[in-house]
Amino acid sequence: GIVTWSGEGFRGIAGEREVTVSASLGEAALAVLRKLREAGGEVITLYPGSGVEPAEVEKLAAEARREFLDATVEVVFGGQPEPSLILSVE
């Protein structure tokens, strides 16, 4: 899944489906993760882009760890210009 910025806010996309549009990167990311986790998965990996502050990513990772207690949450700083965040559930 991905979270990308648009003029309306952060668009959360899971597969080919838009899941949410939010003013918050974290809220959009959690909505995408909820959708992706419907199919299962034990490892969640966050790949933040170059425009995302590390503190914001660490906060999101902590929220994901609290919500998805049965999953391992990892952060790999991708540094891509777009999308803002790539989300993987395996």
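Computed from a predicted structure; not experimentally measured.
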Legend entry - Euclidean distance, E90 CD relative to T45 OG1, rounded to 0.5 Å: 5.5 Å

Inset, instruction - For L60 and G26, work out which heavy atoms get closest and say how close. - result: CD1-O, 3.9 Å

Inset, instruction - Give, for atom CG of L33 and atom CD of E38, the distance between the pair rounded to the nearest 0.5 Å. - result: 11.5 Å

Inset, instruction - May I ask you to test the E42-D70 pair for a side-chain heavy-atom distance under 4.5 Å? - result: no

Legend entry - Point-to-point distance, once rounded to the nearest 0.5 Å, from CD1 of I2 to CG of L85: 9.5 Å

Inset, instruction - With the side chain counted from C-beta on, respond yes when T20 and E27 share a heavy-atom pair under 4.5 Å apart, and no when they do not. - result: no

Legend entry - Considering all heavy atoms, the nearest V52-S84 contact: CG2-O, 3.2 Å

Legend entry - Pair T4, E82: side-chain N/O donor-acceptor within cut-off below 3.5 Å: yes

Inset, instruction - Answer yes or no: is there a side-chain heavy-atom contact under 4.5 Å between P48 and V75? - result: yes

Legend entry - Min side-chain heavy-atom separation F68-R34 under 4.5 Å: yes

Inset, instruction - Please answer whether the main-chain N or O of Y47 pairs with a side-chain N or O of Q80 as donor and acceptor at a distance below 3.5 Å. - result: yes

Inset, instruction - Decide, yes or no, whether a salt bridge links E56 with K59 under the criterion of side-chain N to carboxylate O below 4.0 Å. - result: no

Inset, instruction - Look up atom CD1 in I44 and atom OG1 in T72, then write down how far apart they are to the nearest 0.5 Å. - result: 8.5 Å

Inset, instruction - Working to the nearest 0.5 Å, report the span between NZ of K35 and CD1 of I13. - result: 14.0 Å

Inset, instruction - Evaluate whether atom CD of E67 has more than 12 neighbouring non-hydrogen atoms of other residues, nucleotides or ligands under 6.0 angstrom away. - result: yes

Inset, instruction - Please examine the side chains of E18 and R11, heavy atoms only from C-beta on, and report whether any two atoms are closer than 4.5 Å. - result: yes

